[in-house]
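Numbering starts at 1 and runs along the sequence shown.
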Amino acid sequence: MPKKLSAEQVERYSTGYGSPYFAPDEVLMLLAWLNTQGLFVQSMEAVEVIEPGVNEPGRIDLSILGLDGEEDWEAHKDVERANQLAEAKLKRALECQYPVKVQIWLAHE
């Protein structure tokens with residue numbers, strides 16, 4: 001994944017389609033650019049790949065859904081805070097026993 005996105009990618013990732021799945025480190029490389037563009041990771045779905053295509057359980061603890069209390073409930077009101085939350089969860093994903101892949105949805109400040 002490049003360290004920045006095209007206008008078409010930003011538009012697509014800001015719709016219900018979201019992004020394709022990426023490795024956490026790919027999204028980590030993108031966060032600084034998102035901050036400069038006034039973009040943030042509004043939602044993120046993480047799955048742990050235990051057996052590709054067969055056993056890929058969702059990881060709510062590594063996702064950003066806006067449903068899990070104070071940690072991310074208000075994060076969408078501040079671009080840097082939202083991307084810091086994404087950064088923390090992506091770094092935790094890198095420490096998992098099995099590979100994690102994430103899908104992101106973007107929003108503008």
Side-chain angles (χ1 to χ4, degrees):
M1 168 184 254
K3 293 183 181 180
K4 64 181 187 175
L5 300 173
S6 68
E8 293 80 18
Q9 288 172 308
V10 169
E11 183 176 334
R12 179 175 174 83
Y13 300 177
S14 299
T15 69
Y17 292 109
S19 73
Y21 278 101
F22 294 117
D25 58 342
E26 293 177 304
V27 180
L28 278 168
M29 291 188 305
L30 187 61
L31 291 177
W33 181 82
L34 292 176
N35 281 334
T36 66
Q37 303 300 306
L39 293 165
F40 63 95
V41 178
Q42 176 183 11
S43 299
M44 181 169 71
E45 182 178 299
V47 296
E48 193 168 12
V49 183
I50 297 170
E51 188 177 351
V54 177
N55 188 1
E56 297 185 0
R59 290 287 305 264
I60 299 295
D61 60 319
L62 300 175
S63 298
I64 299 174
L65 304 172
L67 303 173
D68 41 357
E70 292 182 29
E71 181 182 41
D72 66 4
W73 188 255
E74 297 292 322
H76 68 281
K77 294 182 179 179
D78 180 289
V79 170
E80 284 188 38
R81 180 177 170 191
N83 288 332
Q84 286 170 352
L85 174 63
E87 179 180 19
K89 290 189 178 229
L90 290 162
K91 285 181 176 179
R92 285 199 310 254
L94 291 173
E95 297 172 359
C96 290
Q97 178 180 357
Y98 296 100
V100 171
K101 60 184 180 180
V102 297
Q103 183 177 18
I104 60 173
W105 287 263
L106 302 177
H108 297 283
E109 63 180 332

Taking atom [atom1] of [X] and atom [atom2] of [Y], what is their separation to the nearest 0.5 Å?
X      : Y      : atom1 : atom2 : value
Leu34  : Glu80  : CG    : CD    : 12.0 Å
Leu106 : Leu30  : CG    : CG    : 7.5 Å
Ser63  : Ile104 : OG    : CD1   : 12.5 Å

Determine, step by step, whether Val10 and His108 satisfy the side chain to side chain contact (heavy atoms under 4.5 Å, CB included) criterion, reporting the C-alpha distance in whole Å, the side-chain angles of both residues, the deciding distance to 0.1 Å, and the verdict.
CA-CA 10 Å; Val10 169; His108 297 283; 4.2 Å; yes
Just to verify, what does [X] make a side chain to side chain contact (heavy atoms under 4.5 Å, CB included) with, not counting sequence neighbours?
X      : result
Gln37  : Trp33, Leu39
Ala23  : Asp25, Glu26
Ala107 : Phe40, Gln42
Pro20  : Tyr13, Phe22

For Val102, run the side chain to side chain contact (heavy atoms under 4.5 Å, CB included) check against Ile64, Val27, Val47 and tell me which one passes.
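Between Val102 and the candidates, side chain to side chain contact (heavy atoms under 4.5 Å, CB included) is satisfied uniquely by Val27.
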Nearest atoms (heavy-atom pairs only) where [X] meets [Y]:
X     : Y     : result
Glu87 : Leu28 : CG-CD2, 3.7 Å
Pro24 : Ala93 : CG-CB, 3.7 Å
Asn35 : Asn83 : OD1-ND2, 2.7 Å
Leu65 : Met44 : CD2-O, 4.1 Å
Arg92 : Leu62 : CB-CD2, 3.8 Å

Can you sort out the partners of Ser6 under side-chain hydrogen bond (donor to acceptor under 3.5 Å, both in side chains), two or more places apart, ordered by chain and number?
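Checked Ser6 against side-chain hydrogen bond (donor to acceptor under 3.5 Å, both in side chains); matches are Glu8, Gln9.
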Connected-component partners of [X] among ILVMFWY, side-chain separation under 4.5 Å:
X      : value
Trp105 : none
Tyr98  : Ile50
Val54  : none

Report whether Leu94 and Leu31 are members of the same hydrophobic cluster (ILVMFWY, side-chain heavy atoms less than 4.5 Å apart, transitive linking).
yes
Residue pairs passing the side-chain hydrogen bond (donor to acceptor under 3.5 Å, both in side chains) test with at least one member in residues 51-60, sequence neighbours excluded, are Glu48-Arg59, Glu56-Lys101, Arg59-Asp61
